[in-house]
*Asks:* 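Dumping the structure here so I can ask a few things about it.
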Number of protein chains: 2
Amino acid sequence: MAARTRRRSGEPERTRRDRDASPPLPELTAPVEDYLKAIYELERAGEPAATTDLAVELRLAPASVTGMVRRLAEQGLLMHERYRGVRLTAKGRRSALRTLRRHRVIEAYLVQALGYGWDEVHPEAERLEHAATDDLVDRMAMAIGEPTVDPHGAPIPSRAGAVEEARYRSLADLPVGAIADMMRVADEDPMLLRYLADLSLTPGCTVRVVERAPYGGPITIEMKRQRRLIGPALAERVLVRPHRE
Amino acid sequence: MAARTRRRSGEPERTRRDRDASPPLPELTAPVEDYLKAIYELERAGEPAATTDLAVELRLAPASVTGMVRRLAEQGLLMHERYRGVRLTAKGRRSALRTLRRHRVIEAYLVQALGYGWDEVHPEAERLEHAATDDLVDRMAMAIGEPTVDPHGAPIPSRAGAVEEARYRSLADLPVGAIADMMRVADEDPMLLRYLADLSLTPGCTVRVVERAPYGGPITIEMKRQRRLIGPALAERVLVRPHRE
DNA sequence: TTAATAATTTAGGATAGACGAAAATTCAAT
DNA sequence: ATTGAATTTTCGTCTATCCTAAATTATTAA
């Protein structure tokens with residue numbers, strides 16, 4: 001595949017108002033898109049992304065990451081400080097966001113238009129995001145009413161590359177008595193997602209923290225008069241927006 | 001992509017009734033699927049597919065085709081007689097038909113569910129067919145009512161790999177006075193397709209041959225009381241089923 | 001400060017898939 | 001039979017991506 005997406009022509013055409021219109025994004029290979037996406041996610045924590053973390057995330061040998069990082073730096077997609085990690089450039093961030101948009105629109109479409117479960121869409125989207133054109137993704141988004149979040153509550157970047165990364169809190173951090181709306185699951189593990197669905201703990205629902213056992217014990221929540229026990233590992237993955245005050 | 005679809009595990013599991021259940025098809029790379037599809041189409045003419053024809057079809061250098069053909073033969077997907085061309089094995093044909101099903105279901109889905117024009121779907125399907133899982137393709141097919149032909153009238157192989165390749169006649173071969181139903185366009189060229197759509201000459205319509213100018217001249221057809229002049233090159237691409245008698 | 005450990009990079013290779021030049025084969029026409 | 005054109009294959013290279021093993025740098029503990 002790599003070979004067939006190789007650019008054969010010269011420089012891409014640059015037309016009117018290139019100063020503010022973002023330059024046309026070149027076609028990237030699937031691995032490159034995966035790297036940029038992973039770096040984007042790691043960087044959201046604030047620090048530059050370490051190559052080792054990248055290797056873990058992408059399930060590659062660290063040495064392979066080093067090689068690719070060098071090439072991406074040459075292409076101006078990221079800045080690399082030896083032994084310090086990598087940061088995306090503006091160009092790299094735009095590419096990452098475009099891929100993220102594709103991924104999340106596809107996930108939303110599969111759920112809303114084709115009846116997939118929210119636990120099934122991740123791998124499918126992972127494959128399609130590299131093959132779908134922006135046009136197709138836009139049509140999918142339109143067909144399901146321009147959603148702003150994917151099935152797991154993750155925000156969908158706009159066509160222009162704007163994202164609103166809301167800073168939610170983890171259910172694990174709420175004090176007893178707090179009431180909050182569930183907004184997002186920070187995990188794609190199918191088992192975990194199915195379990196959450198079984199509990200009816202999905203984005204949009206409202207929960208109240210009834211009790212917290214100390215020392216990493218379970219959290220008791222109430223939703224629609226039903227009480228549930230949630231382990232701390234699970235609660236940590238559930239992101240919520242507490243009601244004001 | 002090639003590297004990431006490489007099989008890492010051992011032999012695929014073989015369970016009950018492997019005698020008649022076709023053996024599980026291994027994951028093939030995108031280039032391999034393209035070769036098999038092209039060979040399948042070339043072989044439909046009856047003769048083994050020549051490597052040169054393959055090279056033209058796939059827009060590759062003949063030498064590249066030779067190399068890939070050797071690899072495909074080693075994998076048991078085709079038989080190669082030097083200087084004679086290639087023939088798909090049963091295994092190769094099953095793989096080709098699966099790809100063809102994907103391609104055509106995707107084309108039909110894009111038109112019926114996402115509002116694409118029949119002149120736009122080919123390149124999009126060409127990319128998606130390698131990324132979509134069989135499950136997704138089946139869901140797409142179900143969502144649009146299990147079509148039996150794609151937007152150009154090409155038959156969609158069943159899940160099991162059965163196709164009914166009807167032998168239509170070309171509009172260019174019909175005698176004056178003949179009445180026929182248009183069934184299929186044997187071309188994917190967007191310009192040609194848009195032109196046919198302008199003429200309302202699309203699968204399902206009924207035409208009558210009014211006049212044929214000799215020596216490769218235009219053909220006059222009538223459809224819904226409207227007369228149209230069709231050049232022979234175009235008429236040749238339009239496949240029809242003449243009414244009985 | 002030094003030794004041990006962890007993180008990272010470099011070196012050296014492998015593989016899939018592509019290319020072009022040149023050699024080999026086939027086939028048709030003498 | 002011979003020859004010339006067309007076709008096909010062989011062979012050597014190239015690029016992107018991955019790998020393992022060895023070397024290097026950074027960090028932590030003693």
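Only this structure's heavy atoms are used, side chains among them; waters, hydrogens and symmetry mates stay out. The chains referred to below are lettered A, B, ... by the order of the sequence lines, with proteins before strands, and numbering in each begins at 1.
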*Asks:* In this structure, how many angstroms lie between the P atom of C:dG17 and the CZ atom of B:Arg70, rounded?
*Replies:*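 After rounding, the reported distance stands at 12 Å.
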*Asks:* Nearest-Å distance, CD (A:Glu33) to P (D:dA16)?
*Replies:*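 Taking atom P of D:dA16 as the reference, CD of A:Glu33 is at 16 Å.
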*Asks:* Rounded to whole Å, how long is the line connecting atom CG of A:Leu72 with atom P of C:dT9?
*Replies:*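 Distance check: A:Leu72 CG to C:dT9 P gives 13 Å.
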*Asks:* Classify A:Ala63 by what it touches in the nucleic acid, base, sugar-phosphate, or nothing, heavy-atom distance under 4.0 Å.
*Replies:*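 Contact class for A:Ala63: base.
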*Asks:* Between atom CD in B:Glu74 and atom P in C:dG17, what is the gap in whole Å?
*Replies:*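 Going from CD in B:Glu74 over to P in C:dG17 covers 12 Å.
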*Asks:* When the distance from CZ of A:Arg71 to C1' of D:dT15 is rounded to whole Å, what number comes out?
*Replies:*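 One finds 10 Å between C1' of D:dT15 and CZ of A:Arg71, rounded.
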*Asks:* With a non-hydrogen cut-off below 4.0 angstrom, is A:Thr51 in contact with a base, only sugar-phosphate, or nothing?
*Replies:*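 Sugar-phosphate contact only.
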*Asks:* Whole angstrom is fine here: how far is it from CZ in B:Arg59 over to C1' in C:dG17?
*Replies:*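 The distance from CZ of B:Arg59 to C1' of C:dG17 comes to 18 Å, rounded to the nearest Å.
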*Asks:* Given D:dA16, is OP1 or OP2 found less than 4.0 Å from the side-chain N or O atoms of A:Tyr35?
*Replies:*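 No, no such contact exists.
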*Asks:* For atom CD of B:Glu164, decide whether the heavy atoms of other residues, nucleotides or ligands shown that lie under 6.0 angstrom number more than 12.
*Replies:*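 It does not: B:Glu164 CD has 12 such atoms or fewer within range.
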*Asks:* Grab the CG-P distance between B:Leu54 and D:dT7 for me, whole Å please.
*Replies:*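 Whole-Å distance recorded here is 14 Å.
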*Asks:* Is there a salt bridge (charged side-chain N to carboxylate O under 4.0 Å, His left out) between B:Lys37 and B:Glu126 once you walk through the steps?
*Replies:* CA-CA 11 Å; B:Lys37 206 159 49 111; B:Glu126 203 68 43; 2.8 Å; yes
*Asks:* Mapping A:Ala61 and B:Tyr83 onto DNA chain D by nearest heavy atom, which one lands closer to the 5' end?
*Replies:*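 The residue mapped nearer the 5' terminus is B:Tyr83.
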*Asks:* Hey, what's the ring geometry for A:Tyr109 with B:Tyr109, parallel, tilted or perpendicular (30° and 60° as the breaks)?
*Replies:*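 It falls in the perpendicular class, over 60°.
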*Asks:* Nearest nucleotide by nearest heavy atom, which residue falls closer to the 5' end of DNA chain D, A:Met68 or B:Arg82?
*Replies:*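 Between the two, 5'-proximity favours B:Arg82.
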*Asks:* Picking from C:dG17, D:dT17, C:dC27, which would you name as closest to the side chain of B:Val32?
*Replies:*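 Within the option list, the nearest is C:dG17.
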*Asks:* In terms of heavy-atom contacts, does CZ of A:Arg84 have more than 12 from other residues, nucleotides or ligands at under 6.0 Å?
*Replies:*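 No - once you tally the heavy atoms of other residues, nucleotides and ligands closer than 6.0 Å, there are 12 at most.
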*Asks:* In whole Å, I'd like the distance from the CG atom of B:Leu28 to the P atom of C:dA16.
*Replies:*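 Result: 14 Å.
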*Asks:* Nearest of C:dT9, D:dC18, C:dA24 to any side-chain atom of A:His80?
*Replies:*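 Side chain of A:His80 sits closest to C:dT9.
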*Asks:* To the side chain of A:Ser64, which of D:dC18, C:dA18, C:dT9 is closest?
*Replies:*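 The answer is D:dC18, which lies nearest to the side chain.
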*Asks:* When you get a sec, tell me which of D:dT17, C:dT10, D:dT10 is the closest nucleotide to the side chain of B:Thr66?
*Replies:*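 Side chain of B:Thr66 sits closest to D:dT10.
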*Asks:* Side-chain contact, heavy-atom cut-off 4.5 Å: A:Pro48 with A:Glu81?
*Replies:*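 No, their side chains stay 4.5 Å or more apart.
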*Asks:* Just to be sure I understand the rule, does B:Arg84 reach a base, reach only the sugar-phosphate, or reach nothing, if contact means heavy atoms closer than 4.0 Å?
*Replies:*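 The residue B:Arg84 makes sugar-phosphate contact but no base contact.
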*Asks:* Using a cut-off of strictly less than 4.0 Å, decide whether A:Thr29 has a side-chain nitrogen or oxygen near OP1 or OP2 of D:dA16.
*Replies:*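 Result: no.
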